[in-house]
Amino acid sequence: MLSSYRIFDQQTLVVYDLKLAALSAVLLLFGYRAIVGFVFLAVCTLLVRPEAEFFELLCYAAAALISHYFYCKSAGWRSAASFGRIQLTTKRIIWLCLCNALLSVVFNETVCWLTQVDLNSGKSFIHLLTAETLVRIQGVMNGCVTGIPLFYTVLRIIYRPHYWLTCMRAVKTQLSSNVGIYRFTAWFAAVAFLMVCLNIPFKDNIFFTFYSLVLIFPLMLWSSVRIGYAFTTPVWTVMMIVLAKNNENYIALNDDFMLHQVLVSTAIFIFTLTIVIMGVLARFNTLRFEQLLHMGFTDPMTNMPNLRALKADIQASPDSTVCLIQVPEMELFSRRYGLHFRARYQKKLAEHLRLKLNCDEKVYYHAGYGLLLKLENPSWGRLSLLYKSANSFRYLHNNQQLGFRSGLGYCKATQFCNDVYSLTGKLGIVSGLSLVNGKPENLEAQSSRVHESNIVGRTDIRTVLQKTLDNDAFVLMAQPIVSTRGEPRYHEILLRMLDEEGRFIPPDRFLPVATEAGLAPDIDLWVIRNTLKTMQQHLEHSFSINLAPVTVCRASFVHHVQLLLTEFGVDPHRIIFEITEADALSDTEQSQNTVRSLKSLGCRVAIDDFGTGFSSHARLMDVSADILKIDGSFIRVITDNEVSHYIVESFCHVAKMKNMQVVAEYVENENIQRCLERMNVDWLQGYHIGKPVPLLSLV
């Protein structure tokens with residue numbers, strides 16, 4: 001009933017044939033189980049219908065079965081998947097449309113020739129390569145291209161009604177995202193107008209000829225790309241059925257009828273293929289764009305939303321609160337177990353926290369060692385609950401329950417909608433403060449701002465530090481160390497650095513930053529080189545140089561010192577390396593090797609800041625150093641505090657037993673100097689003895 005034929009020159013001309021499409025759709029959905037139904041249909045047709053229809057059914061069934069077999073062989077297990085998939089479209093066009101239609105025509109002609117039965121779909125033509133045969137083949141192919149998806153969808157909805165929701169969801173998704181109501185209305189009105197022109201009786205007006213059909217093509221192409229394959233294909237199929245039924249309205253039955261029929265049939269077939277292919281490509285591009293969008297907004301290791309997703313969400317909801325849960329210990333465990341350990345921990349922690357979030361709140365992956373949360377107006381109680389929940393979480397790994405301390409920093413996202421990376425950086429500062437204070441910390445709080453200011457200051461120092469090192473712009477100062485026994489004085493080298501405005505930055509501010517940045521060994525070697533360069537011109541001076549702990553632990557340090565001593569030809573005995581008590585008395589093998597190697601070069605070694613660490617007199621007995629420098633915290637109060645007096649006195653006794661000379665730091669007045677002289681301290685250093693002066697002015 002849906003197929004369309006036209007009588008021309010006493011022959012039945014196939015305009016649009018859907019019978020083969022119906023059989024192929026049944027095979028596609030049910031597979032070879034449909035053969036039983038085909039047999040039943042053939043028996044019924046043989047009993048109650050004309051003989052020609054029975055032979056026609058056999059031809060169509062044979063063509064459908066053969067084409068389906070080759071299609072399944074090429075498509076594999078996904079052969080019965082729904083339409084619109086780019087991977088299957090080419091195979092379906094080749095096997096289910098082109099091959100199917102050609103086989104059905106060949107079988108029809110063969111049966112006509114063998115049985116002399118005039119089949120309903122067309123009479124056996126003496127010459128196959130005629131316009132009638134071309135129109136017939138294209139009518140069947142048009143039916144297959146448009147009819148198979150339509151019948152497949154209808155049958156699948158009947159078989160499983162919930163598939164209707166899937167189809168509607170697919171149409172709604174693409175329609176709502178690409179086309180507004182005004183554009184859709186304009187498109188619908190234009191298509192309806194042209195269809196009316198094509199389906200009313202022919203008149204002497206260009207819009208009532210197949211010219212209107214040409215105008216419909218770009219409209220349907222636009223629909224295929226913008227509205228989508230799932231909507232356009234069934235609509236175009238219905239339009240094809242209507243146009244085929246009213247073929248005589250826009251193609252006049254005159255001397256040029258056959259030529260016009262061939263042109264229209266060919267144009268419809270080519271454009272049907274174009275609509276299908278463009279629709280499938282548009283659907284593929286949409287899906288691929290969604291996949292790329294998902295990849296762009298998702299971390300590949302944890303499959304959690306990332307910072308881009310957070311930025312998009314807080315732009316849509318700027319009044320929300322963003323929290324950062326930071327787990328610093330995760331860095332250590334990630335080094336041991338790998339990044340996958342961190343990813344698994346973050347996923348499990350996220351699952352644990354989601355149980356305490358509302359439906360419109362989300363958890364995001366953080367590239368550091370924690371998670372980000374977007375909350376809607378959380379109370380202090382909820383924030384405290386999340387903080388406790390994160391810290392009470394236990395992760396099972398290798399049959400061990402692991403628990404990590406975490407900090408929680410939070411703030412309103414309003415001022416950071418366009419700079420989520422700055423937001424996470426600032427939250428990292430307050431989450432560290434939260435870890436120390438044991439409670440959630442607000443970025444806007446006073447303590448957090450002070451902490452942030454300190455971080456900013458450290459980053460500025462780091463920038464100046466690298467620039468100063470690159471430009472050899474450090475300033476060397478020298479503070480005298482005077483003997484109480486009349487020996488020649490020597491000087492301690494002190495390092496100073498200027499900021500960009502020419503002001504001195506205290507060493508206690510830039511030296512910790514240098515250590516964190518891994519620049520301390522390079523700075524120490526710079527100091528040694530420039531000190532030796534000065535000593536090369538002034539042989540009478542001796543200097544002591546402080547070494548950072550990380551420098552002492554470097555195996556290559558002594559080798560560098562040896563090369564510098566050789567380069568500048570300085571007597572090693574004139575150099576004293578000051579090593580802090582923690583390094584000199586360390587149990588680390590490398591620290592002990594460094595001390596021994598420096599002494600073997602001929603340099604002297606001093607233990608700096610003695611008395612502040614966890615050393616004991618017994619451990620001091622195992623160290624072979626030349627000088628013991630007593631920390632200034634004891635010297636400052638030596639005249640007022642009896643305990644400090646006896647502690648310093650005991651240090652001096654132990655040093656004498658080890659044949660070590662003693663240096664007292666922070667000698668600030670004459671009373672301290674006299675007290676130390678009575679204790680027989682060998683060397684004195686402090687502002688009362690002499691203030692630091694530039695090294696260049698000293699020489």
Side-chain angles (χ1 to χ4, degrees), residues 1-24 50-64 66-67 93 96-148 198-199 202 209-211 213-214 217 237 239-273:
M1 292 174 60
L2 298 177
S3 300
S4 298
Y5 307 96
R6 192 166 183 185
I7 304 300
F8 174 72
D9 197 16
Q10 297 183 348
Q11 297 177 2
T12 303
L13 186 65
V14 177
V15 177
Y16 187 58
D17 193 341
L18 289 168
K19 288 179 281 190
L20 181 59
L23 296 176
S24 297
E51 184 182 21
E53 291 189 20
F54 171 74
F55 285 114
E56 183 185 40
L57 175 62
L58 292 182
C59 294
Y60 282 145
I66 294 173
S67 300
I93 290 175
L96 299 185
C97 299
L98 301 179
C99 179
N100 216 356
L102 291 174
L103 285 176
S104 67
V105 172
V106 171
F107 290 161
N108 264 280
E109 296 298 332
T110 304
V111 169
C112 288
W113 179 69
L114 292 175
T115 63
Q116 299 300 315
V117 175
D118 184 10
L119 298 185
N120 214 14
S121 59
K123 190 174 181 180
S124 180
F125 302 112
I126 299 174
H127 301 291
L128 289 178
L129 300 179
T130 60
E132 291 82 354
T133 306
L134 178 60
V135 171
R136 177 177 165 190
I137 293 174
Q138 290 180 158
V140 177
M141 285 194 294
N142 278 331
C144 290
V145 173
T146 56
I148 293 178
L198 289 170
N199 287 281
F202 176 79
T209 65
F210 62 86
Y211 172 74
L213 189 64
V214 176
F217 291 164
T237 304
M239 291 171 62
M240 290 273 291
I241 293 172
V242 174
L243 290 172
K245 289 291 184 183
N246 297 288
N247 182 276
E248 66 277 2
N249 289 339
Y250 55 90
I251 302 179
L253 190 61
N254 53 30
D255 294 339
D256 295 329
F257 167 76
M258 203 63 229
L259 176 60
H260 290 169
Q261 187 69 57
V262 170
L263 292 175
V264 169
S265 176
T266 304
I268 289 177
F269 173 65
I270 293 175
F271 204 78
T272 298
L273 286 179

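The structure displayed is predicted, hence computed values, not measured ones. Values reported hereafter were calculated over all heavy atoms of this structure, with side chains retained and with hydrogens, waters and symmetry mates removed.
Salt-bridge annotation for K19 and E53: absent, with no side-chain N of the basic residue lying under 4.0 Å from a carboxylate O of the acidic one.
A distance-only check finds no donor-acceptor pair linking the side chain of Y16 to the backbone of V242 [under 3.5 Å]. At distances below 3.5 Å, at least one donor-acceptor pair connects side-chain atoms of K245 with backbone N or O atoms of S3. Judged by distance alone, the side chain of S104 and the main-chain N or O of A101 form a donor-acceptor pair under 3.5 Å. Side chain of D17 to backbone of G139: no donor-acceptor contact under 3.5 angstrom is found.
We find the OH-CG distance between Y60 and L103 to be 12.5 Å, quoted to the nearest 0.5 Å. Expressed to the nearest 0.5 Å, how far CD of E56 lies from CG of N108 amounts to 6.0 Å. Rounding to the nearest 0.5 Å places NE2 of H260 at 8.5 Å from CD1 of I251. Taken from OG1 in T130 to CZ in R136, the straight-line distance is 9.0 Å, to the nearest 0.5 Å. The distance from atom OG of S67 to atom CG of L98, rounded to the nearest 0.5 Å, is 10.0 Å. Within the model, atoms OG1 of T133 and CD of Q138 stand 11.0 Å from one another, a figure rounded to the nearest 0.5 Å.
Taking 4.5 Å as the limit, every side-chain heavy atom of V135 sits out of range of all side-chain heavy atoms of V15. You'll find the side chain of F107 reaches within 4.5 Å of the side chain of I66, heavy atoms only. Under the 4.5 Å side-chain criterion, counting only non-hydrogen atoms from C-beta, M258 is in contact with E132. For the pair L96/C144, no side-chain contact is recorded, criterion being any heavy-atom separation below 4.5 Å from C-beta on. L243 is listed as a side-chain neighbour of L198, based on a closest heavy-atom distance under 4.5 Å. The side-chain heavy atoms of L18 and I241, taken from C-beta on, include a pair separated by under 4.5 Å. Looking only at side-chain heavy atoms (C-beta outward), I137 and L102 come within less than 4.5 Å of each other. At least one side-chain heavy atom of I268 sits less than 4.5 Å from a side-chain heavy atom of M240.
Among V14, L273, T272, the one residue that satisfies the side chain to side chain contact (heavy atoms under 4.5 Å, CB included) test with N142 is T272.
Between Y5 and N247, the side chains place no donor N or O within less than 3.5 Å of an acceptor N or O (distance only, hydrogens not considered).
With sequence neighbours excluded, no residue forms a side-chain hydrogen bond (donor to acceptor under 3.5 Å, both in side chains) with T237. Applying the side-chain hydrogen bond (donor to acceptor under 3.5 Å, both in side chains) criterion to T110, with sequence neighbours excluded, gives no partner residue.
Counting all heavy atoms, side chain and backbone alike, L23 lies closest to A61 at CD1-N, 3.9 Å.
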Worked check of side-chain contact (heavy atoms from CB on, under 4.5 Å) between S265 and L134 = CA-CA 9 Å; S265 176; L134 178 60; over 6 Å; no

For F269 and V264, what are the C-alpha separation, side-chain angles and deciding distance, and is it a side-chain contact (heavy atoms from CB on, under 4.5 Å)?
-> CA-CA 8 Å; F269 173 65; V264 169; over 6 Å; no

